[in-house]
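Structure, as structure tokens:
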Amino acid sequence: MADGTMTATFLAVIGGASLLAVTARRLRPSGRLPSLEGWALADRSLGPVWTWFLLGGTIFTAYTFTAVPGLAYGNGAAAFFAVPYTVIVSPLAFVLLSRLWTVARAHGYITVADFVRGRYGSPPLALVVALTGILATMPYLALQLLGIRAVLTAGGVYPRGAAGDLVMVALFAGLAVATYRHGLRAPTVISALKAVAVFVSLTAVTWLVLERLGGPGAVFDGAARRLGGDALALTPAQQPAYATLALGSALALMMYPHVLTAGFAADGPRTLRKVSVALPAWTGLLALFGVLGFAALAAGVRAPKGGAEAAVPMLVDRLMPGPLAGLVFGAITVGALVPAAVMSIAAATSFVRNVYVEYVHPTATPKRQVRIAKAVSLIAKAGAVTFVFGLRDQDAINLQLLGGVWILQIFPAVAVGLFTGRLHPRALLAGWGVGMAAGTYLVVREGFSSIVGFGSGPLEIYAGLAALLLNLIVAVAGTAVLERLGVPRGADLTDLPSRLTVRRRPETGANQQ
């Protein structure tokens, strides 16, 4: 069971997050009439500091902070693919987010599917982009709950049975109310507390753990004894899987609706470029979490079978004083609330803009759109809670692995579409279908492993990247065939160049390109 000081510190952090959420309405109030842009994007008003808090807090989720050290605890060096993966995200964000923001601001786009609709003049293509984003986001949202539960259970803060479930419901109920009332402003202000709490607590924990275990050398030696010496370095056979998983995961991350929503909330492309340069600070944090996975091995922590993500919380509970342990558990819990809120907002906004308005109620007023989005965001959170309580943890993990493969299949329509409009929307639809089917088949065939083998040799690569390659081949070949047949395409409303060129952009989104 948790001691009193740890519980008190944990509750203080959660209480601080709740108080911040109440003040969210004060964050850059606009005084405008209710609109989806105001609720879902904070009126595109966030400066560099707030955007760094929000984007970093959204990308680096609580589950990431437990899964990476858990993977290091169970598999060794392979877990550190997350470090180059998140490093690759920075230049991608520098290029893609700033360019997308400019187009979105100029044309009033709120979701990435809005951009696809305007770029290709194809409602069906925009619909599959929106639905793919929603489908991939829901298991990711459920994983935030799993991260909270793993941390609190390891720390003895999560009661057994129905009482523990009520704790989870209470945490998400407070988040749901804040998000319902203030939209993206709520997770934005909470993200500041997340950053401070996680950076401070992890720095202190890492220093104390290394001191108590005898320094970095002792930690790595102890981990090597538990895992076997070869596990702390990649073998040549592992390197293709490591590299393709890092690259594919980075490309996929940039397509998730919650990441794009956080980016669209910035006040300009210059802000996004500044934030992209500063994002690796979060990567350093993630690397320290990975090292704590090795420290758990060296300390002799025995994580439950199938629950390696609990290794670091168990290490913290064993070695740290109560107040510091409570700060760590509170920081990770708050770390789940930020991305969970943004995910629910992004899913709700995609549904309203690209399903409800497009196909159900085209004349819906801005006020009604906000009302529907608020309701859908509540449903998304309730669905995630029900999913976690009703299914095995592994089911959510399996679906999230598939989600990463699925979301990567919209990359041609979105990222490639930013630089060239030559691909035909029908060919992109066909490529998306082939990529979705191939990616799903490969992952399921391997027993829900995202790493798949090819040929008779030891070559193993990321399934999502293999599916994306098929997707692109079909899209390019299909475009050539459709152009030869003279099949017309929809009108491009984005004012972007039709060929692969890059032009200088104004620093504000006031002017169209």
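Just so we're clear, the structure is a prediction, and the values are computed from it rather than from any experiment.
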**Study point:** Exercise: identify the closest heavy-atom pair between Y462 and S249
**Key:** CE2-N, 4.1 Å
Practice item. Without swapping roles, check the side chain of N354 against the backbone of F351 for a donor-acceptor pair under 3.5 Å. Key: no
**Study point:** Between D267 and T271: side-chain donor-acceptor atoms closer than 3.5 Å
**Key:** yes
Review point. Between the side chain of H361 and the main-chain N/O of Q369, is any donor-acceptor distance below 3.5 Å?
Key: no
Point to revise | Closest approach of P123 to E358 (non-hydrogen atoms, all atoms of both residues) | key: CB-OE2, 4.0 Å
Practice item. Return yes if a side-chain donor-acceptor contact under 3.5 Å exists between T283 and T86, otherwise no. Key: yes
Check your understanding: Using the ring of each side chain (for Trp, its six-membered ring), is F199 parallel, tilted or perpendicular to W282, with breaks at 30° and 60°?
Key -> perpendicular
Point to revise | Test log, rule side chain to side chain contact (heavy atoms under 4.5 Å, CB included), inputs V385 and L145 | key: CA-CA 7 Å; V385 172; L145 289 168; 3.9 Å; yes
Check your understanding: Can you check whether Q409's main-chain N or O pairs, donor with acceptor, with N471's side chain at less than 3.5 Å?
Key -> yes
Point to revise | Backbone of F94 reached by a side-chain donor or acceptor of S276 within 3.5 Å | key: yes
Revision key, fill the gap. Heavy-atom closest pair (G118 atom, T494 atom, distance to 0.1 Å) is C-CG2, 3.6 Å
Practice item. Please say whether more than 12 non-hydrogen atoms of neighbouring residues, nucleotides or ligands are located less than 6.0 Å from OH in Y441. Key: no
Exercise for review: State plainly whether the residues D114 and R119 are in salt-bridge range, i.e. N to O under 4.0 Å.
Suggested key: no
Check your understanding: Quick check, are the ring centers of W39 and Y180 under 6.0 angstrom apart?
Key -> no
Exercise for review: Measure from the side-chain N and O atoms of W52 to the backbone N and O of A278, and report whether any donor-acceptor pair falls under 3.5 Å.
Suggested key: yes
Exercise for review: Give a yes or no answer on whether the side chain of R489 reaches the backbone of L423 with a donor-acceptor pair at less than 3.5 Å.
Suggested key: yes
Practice item. Please determine, by modelled atom types, if W432 and T132 share a side-chain donor-acceptor pair under 3.5 angstrom. Key: yes
Practice item. Would you confirm whether S344, through its side chain, and A341, through its main-chain N or O, come within 3.5 Å as a donor-acceptor pair? Key: yes
Point to revise | Any pair counted as ring-ring contact (aromatic ring centres under 6.0 Å, His included), so long as it reaches residues 108-139, sequence neighbours left out | key: H107-Y109
Exercise for review: Using only heavy-atom distances, determine whether the side chains of W50 and S45 contain a donor-acceptor pair under 3.5 Å.
Suggested key: no
**Study point:** Intermediate values then yes/no, side chain to side chain contact (heavy atoms under 4.5 Å, CB included), T188 and T51
**Key:** CA-CA 8 Å; T188 299; T51 303; over 6 Å; no
Study note, to complete from the structure: Of all heavy-atom pairs linking G263 and L55, the shortest is N-CD1, 4.2 Å
Review point. Got more than 12 heavy atoms from elsewhere within 6.0 Å of CZ, R426?
Key: no
Exercise for review: Indicate the atoms forming the closest heavy-atom contact of A384 with L141, along with that distance.
Suggested key: CB-CG, 3.7 Å
